[in-house]
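Data block below; observations after.
Numbers here are sequence positions counted from 1.
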Amino acid sequence: MLEKILQTGLTSLIAIIALFILTRIMGKKQMAQLNFFDYVIGISIGSIASEYAVVRDIHAAEGLTAMSVFTLFSLILSYISMKSYKGRKLLDGSPVILIENGKIIDKSLRKTQVNINDLLEECRQKNIFDIAQVEFAILETSGRLSILSKSQNRPLTPKDMEIPAPYEGLCTNIVIDGKIINKNVDEAWLMEELTKQGISSYKDVLLAYLDTSGILRIHYASK
């Protein structure tokens, strides 16, 4: 019994390591932008890994080969999608307009198999509670719904009111979990800034970052 448990633990560890390596090879698209083929391939690789972990009749080489073949197939599809517009359209499909000028396009709902309840829920999640306020609602190839509100229903922006607004870029992380992650930071300057806020060591800092105006923002772990 103990031998079987150890063997299952070893094969599971191998399967997990293989999954990690293969998903890294396939790239972040597998998580961020799943299409139909990505979804099927991801499930298939996971199923093969679980079978390999617990079924004794599957040899290590067989399980790893099967997962590698699915990964290679995914990479080939991704390459075709990147290099060929027709291939991309075939593999990923095309966006479909579900709402136009406040009117639901029934034909598009049938084509995409989206029902009214799902459409209304997606609109509510984007703070749209009245279909009449929607100029366009487009079902993207990733399955997400993009909504463009009618111009009279959009919130005012500084540009609309001709008010100048400062530039906002990306914040720069300096310290995360008590470790300096930015190699370009001056440690003496950092300690001086921390001391001003009563912090004796950056190891006590949960998060420290420079905002877009150059101000150091500090969040420290509670003791």
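There is no path of hydrophobic side-chain contacts, each under 4.5 Å, that joins V69 to I76. Neither V205 nor Y209 shares a network with the other; the hydrophobic side chains, linked directly or stepwise wherever heavy atoms of I, L, V, M, F, W or Y lie under 4.5 Å apart, form separate groups for each. Follow the hydrophobic side-chain contacts under 4.5 Å out from F136 and you never reach L119; the two are in separate clusters. In the hydrophobic clustering of this structure, I199 groups with I180; members are Ile, Leu, Val, Met, Phe, Trp, Tyr whose side-chain heavy atoms approach within less than 4.5 Å, directly or through other members. Hydrophobic clustering of Ile, Leu, Val, Met, Phe, Trp and Tyr side chains at less than 4.5 Å, counting indirect connections, keeps M191 apart from L207.
Between the side chain of T71 and the main chain of M67, a donor-acceptor pair closer than 3.5 Å is present.
Closest approach of V134 and K150 over heavy atoms only: O-CE, 3.7 Å. The heavy-atom pair separating N173 from I176 by the smallest distance is ND2-CD1, 4.0 Å. The minimum heavy-atom distance linking I128 with S149 is given by the pair CD1-OG, 3.4 Å.
Within 6.0 Å of CD in Q125 there are more than 12 heavy atoms belonging to other residues, nucleotides or ligands.
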Verify side chain to side chain contact (heavy atoms under 4.5 Å, CB included) between I215 and L210, making sure each step is shown before the conclusion. CA-CA 5 Å; I215 298 175; L210 286 174; over 6 Å; no
Between I174 and I181, does the side chain to side chain contact (heavy atoms under 4.5 Å, CB included) criterion hold? Intermediate values first, please. CA-CA 6 Å; I174 304 296; I181 64 167; over 6 Å; no
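Distance check, rounded to the nearest 0.5 Å: NZ of K203 to CG of D177 gives 14.0 Å. Rounded to the nearest 0.5 angstrom, Q197 CD and R217 CZ are separated by 9.5 Å. From L75, atom CG reaches atom CG of L72 across 6.5 Å, with rounding to the nearest 0.5 Å. The structure places CG of L145 at 6.5 Å from CG of L139, a figure rounded to the nearest 0.5 Å. One distance of note links SG of C171 with CG of L216; it measures 11.0 Å at 0.5 Å rounding.
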Name every donor-acceptor pair, under 3.5 Å, that has one atom in a side chain of residues 98-110 and the other anywhere in the protein, sequence neighbours excluded.
| residue | atom | partner | partner atom | Å |
| --- | --- | --- | --- | --- |
| D106 | OD2 | R110 | NH1 | 2.1 |
| S108 | OG | I97 | O | 2.8 |

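Contact annotation: the side chain of C123 approaches that of I131 to within less than 4.5 Å [non-hydrogen atoms, C-beta and beyond]. Between S146 and E140, the closest side-chain pair of non-hydrogen atoms falls below 4.5 Å. By the 4.5 Å heavy-atom criterion applied to side chains, I138 and V96 are not counted as neighbours. Side chains of Y202 and K179 form no contact here, defined as non-hydrogen atoms less than 4.5 Å apart.
Residues in residues 186-199 take part in these salt bridge (Lys or Arg N to Asp or Glu O under 4.0 Å) pairs, two or more places apart or across chains: E193-K196.
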